[in-house]
Protein chains: 2
Amino acid sequence: MPTVSDVAARAGVSTATVSRALNGKPTVDPDLAARVRQAADELGYQPNGPARNLRRQEAAVVALIISDVENPFFTAIARGVEDVAHEVGYSVVLCNSDESAEKERRYVDIAIQERVAGVILSPSGPASTVAKLAARGTAYVAVDRPLPGQDSDVVLVDTRLAAREATAHLIAQGYEQVGCITGPVGVRTADDRLAGYRDALKAARRRSTPKLVRRTEYKSAGAHRAALDLLSQAETPDALLIANSAMAVGVLQALQERGVRAGRDVGLVTFDDAPWAALVDPPLTVVAQPAYELGAVAARLLLARIADPTRPATTTTLAARLTERASSHRH
Amino acid sequence: MPTVSDVAARAGVSTATVSRALNGKPTVDPDLAARVRQAADELGYQPNGPARNLRRQEAAVVALIISDVENPFFTAIARGVEDVAHEVGYSVVLCNSDESAEKERRYVDIAIQERVAGVILSPSGPASTVAKLAARGTAYVAVDRPLPGQDSDVVLVDTRLAAREATAHLIAQGYEQVGCITGPVGVRTADDRLAGYRDALKAARRRSTPKLVRRTEYKSAGAHRAALDLLSQAETPDALLIANSAMAVGVLQALQERGVRAGRDVGLVTFDDAPWAALVDPPLTVVAQPAYELGAVAARLLLARIADPTRPATTTTLAARLTERASSHRH
DNA sequence: ATGAAAGCGCTAACAG
DNA sequence: CTGTTAGCGCTTTCAT
């Protein structure tokens with residue numbers, strides 16, 4: 001593998017000049033610069049990243065730690081982050097924490113060890129995980145979920161309000177027993193969706209009862225069990241608010257198995273406007289979240305913080321939008 | 001940020017001993033090792049990755065360059081790669097080439113610059129992109145798509161056979177005019193699916209006509225246009241083979257808009273067993289690809305090649321499985 | 001504008 | 001078993 005010295009020898013200059021030329025420093029004679037670039041090309045020179053980062057004490061890389069690569073909501077965030085980061089010459093490495101605090105901590109450690117310029121994460125674990133980043137002065141931004149007790153930049157969706165509106169919509173459609181299937185206790189978005197659901201019940205002077213609420217992992221299988229469980233009760237819900245699209249899959253399966261007709265016997269609203277949401281029978285009413293935008297904003301905030309670590313922390317809240325389809329319309 | 005010297009000073013040993021202790025080398029006194037670990041803990045020491053990699057001339061990282069993060073097929077591959085890599089202490093960085101040869105080349109360059117131990121990629125671009133890896137002696141494995149002219153390790157699905165079987169199934173169900181919507185020319189999986197489709201027509205002594213075939217990007221929007229186009233012809237297909245699940249979304253939308261009933265007016269088989277495939281109306285018959293397994297096998301091959309670069313190249317072909325549902329059953 | 005030389009933090013010879 | 005020391009490849013003073 002050729003090094004700066006090889007390039008320097010071939011171009012007949014010093015390594016310092018090679019470095020300057022290749023990094024586009026203005027203080028180098030154009031002719032020399034051209035000679036250097038040609039020599040580098042001929043040798044197929046590729047700079048040694050670790051050496052460069054060691055010297056510079058920082059890499060033009062941001063780490064994006066998301067809680068589930070298989071969830072389209074998070075991959076959309078990833079796209080937003082990538083597009084913004086690439087614009088300014090940063091690379092993005094995607095890490096999948098899989099909703100595990102342990103893996104999240106591991107990836108945070110790796111990010112620190114690799115001396116990345118910054119980290120964007122949707123926290124699965126306790127705030128203590130990111131405290132390491134703060135302690136080391138590595139810039140970071142939380143996305144989708146806040147970090148209790150940390151005054152970091154955060155980009156959120158107003159998910160509580162969205163849940164409230166979605167529930168209010170079900171109530172307005174005449175459903176009597178609106179239930180809710182949401183994510184695990186302690187995951188902020190799951191808590192907020194439940195809180196919004198309760199807000200709406202309260203506003204409509206309905207009693208909220210634990211019998212109509214189920215909490216489980218943010219996945220299809222958990223929601224499937226939860227739905228079967230809800231349906232096997234004496235008092236079954238006639239509508240459901242579902243906290244994400246993976247869960248919606250599990251719920252729809254459960255309804256099918258039990259011969260319950262979605263949209264007729266049970267009204268449905270689910271978070272996330274999956275590409276297939278309009279194609280199932282009946283088409284799903286959804287709360288569309290601005291996932292791409294979330295990622296893009298987070299990336300811009302991170303870059304700003306990298307540039308100026310003393311910037312005051314900000315909280316950005318984006319709105320979600322209810323898209324009505326047949327699954328929430330009573331027949 | 002504390003360094004080995006700081007730890008060494010605190011533990012009262014040399015930096016070499018610190019390095020040895022922290023890397024679990026057996027040649028260090030257990031007592032000393034314990035003292036070193038404690039000192040490291042107390043200081044919150046995190047090794048400097050770039051420095052380590054510079055010295056070691058290699059990082060325990062593999063890059064996974066996939067052509068579309070938003071495609072569940074590829075994220076499933078990613079899961080397979082991650083699980084295997086993590087078992088042996090490697091980290092995985094995910095790069096999204098977005099079906100762009102340009103981005104792919106860029107990520108390959110970055111992988112080389114960062115001196116990753118190996119690269120797994122689903123090639124979007126020409127074989128010349130990976131030639132760089134070969135030239136530098138970086139281990140790599142192609143997944144899902146072969147690299148023409150490169151004798152590298154490859155992990156594939158027997159997609160041509162799967163397409164043939166899927167098409168034969170449609171013919172056996174009594175459909176007369178089976179069409180095909182597949183990916184771009186030059187993308188190997190897209191070519192193979194078309195070839196398998198033609199194989200089946202030939203075997204059934206049907207004439208294959210360009211009028212029933214459309215090629216477009218592997219996305220919903222392209223397939224949507226393609227389907228509308230097919231439906232607006234004089235001779236419309238009464239069945240379709242669709243090359244992936246994103247495309248299926250576009251096709252189903254098109255059918256809805258035209259008031260064509262899927263499964264009744266037009267039989268459907270699509271590649272990829274998306275979680276929602278059984279939930280649409282009618283449930284989709286699919287060709288389920290072993291995506292996770294694909295990733296896991298690719299990772300194992302890569303690790304083997306990293307360990308022994310002289311290993312002969314292998315080609316692994318996994319089978320896909322037709323899952324019959326109502327969308328391909330004539331009423 | 002260019003070169004010489006130091007040094008980022010770590011690991012691996014080599015000595016002891 | 002432990003310490004001393006060199007050097008990975010790069011960028012960046014400092015000097016010219």
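Numbered from 1 within each chain, the chains take letters A, B, ... in sequence-line order.
- The nearest whole Å value for the distance from the CG atom in A:Asp31 to the P atom in C:dA1 is 13 Å.
- Applying the side chain to side chain contact (heavy atoms under 4.5 Å, CB included) test to A:Thr138 and every residue at least two apart in sequence or in another chain returns A:Val119, A:Leu133, A:Arg136.
- Taking 4.5 Å as the limit, some side-chain heavy atom of A:Leu303 sits within range of a side-chain heavy atom of A:Tyr90.
- When the P atom of D:dT11 is taken as reference, atom CG of A:Asn53 falls 10 Å away, rounded to whole Å.
- Within a 6.0 Å radius of CZ in B:Arg79, more than 12 heavy atoms belonging to other residues, nucleotides or ligands are found.
- Axis angle between the ends of the helix from C:dA1-D:dT16 to C:dG16-D:dC1, five pairs each and rounded to 10 degrees, works out to 40°.
- For the pair B:Glu58 CD and C:dA12 C1', the computed distance is 16 Å after rounding to whole Å.
- Nucleic acid contact for A:Asn23: sugar-phosphate only, since backbone atoms but no base atoms lie under 4.0 Å from a heavy atom of the residue.
- Distance, B:Glu114 CD to D:dC10 C1': 13 Å, rounded to whole Å.
- Proximity of a side-chain donor or acceptor of A:Tyr45 to a complementary backbone N or O of A:Asp6 within less than 3.5 Å is not detected.
- Sequence order on DNA chain D of the closest nucleotides to B:Pro26 and B:Leu54 puts B:Pro26 first from the 5' end.
- Across all strands, A:Thr3 comes closer than 4.0 Å only to sugar-phosphate atoms, never to a base (heavy-atom distances).
- When distances run from any side-chain atom of B:Ser14 to the nucleotides D:dG3, C:dG9, D:dC10, the shortest one goes to D:dG3.
- When the side-chain nitrogen and oxygen atoms of A:Gln57 are compared with OP1 and OP2 of C:dG9, one or more of them lie within a distance under 4.0 Å.
- Not a single donor-acceptor pair under 3.5 Å links the side chain of B:Ser124 to the backbone N or O of B:Ser67.
- Checked by atom type and distance alone, the side chain of B:Asn96 pairs as donor or acceptor with a backbone atom of B:Val69 at under 3.5 Å.
- Atom CE in B:Met1 sits roughly 10 Å away from atom P in C:dC10 (whole-Å rounding).
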Distance-only check: which donor-acceptor pairs under 3.5 Å involve side-chain atoms of residues 289-299 of chain B, not counting sequence neighbours?
unit_1: B:Gln289; atom_1: OE1; unit_2: B:Arg193; atom_2: NH2; d: 3.4
unit_1: B:Gln289; atom_1: NE2; unit_2: B:Asp272; atom_2: OD1; d: 2.8
unit_1: B:Tyr292; atom_1: OH; unit_2: B:Asp83; atom_2: OD2; d: 2.5

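- Applying the side chain to side chain donor-acceptor pair (under 3.5 Å) rule to A:Thr314 yields the partners A:Asp153; only residues at least two apart in sequence or on another chain are considered.
- Following rounding to the nearest Å, B:Asn48 (CG) and C:dC8 (C1') show an atom-to-atom distance of 8 Å.
- Rounded to an integer number of Å, the gap from A:Arg35 CZ to C:dA1 C1' is 13 Å.
- For A:Leu22 and D:dT11, the CG to P distance is 8 Å, given to the nearest whole Å.
- By the 4.5 Å heavy-atom criterion applied to side chains, A:Val13 and A:Arg20 are not counted as neighbours.
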Table of protein N/O atoms under 3.5 Å from nucleotides 12-16 of chain D N/O atoms:
unit_1: D:dT12; atom_1: O4'; unit_2: A:Arg55; atom_2: NH2; d: 3.2

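- Scored by the side chain to side chain contact (heavy atoms under 4.5 Å, CB included) test, B:Arg105 finds B:Glu102, B:Thr129, B:Lys132 as partners (sequence neighbours excluded).
- Between A:Asp29 and B:Gln46, the residue whose closest nucleotide on DNA chain C is further toward the 5' end is A:Asp29.
- Considering only the side chain of B:Val28, D:dT2 comes nearest among C:dC10, D:dT2, C:dA4.
- Using a 4.0 Å heavy-atom cutoff across all strands shown, B:Pro50 reaches no nucleic acid atom at all.
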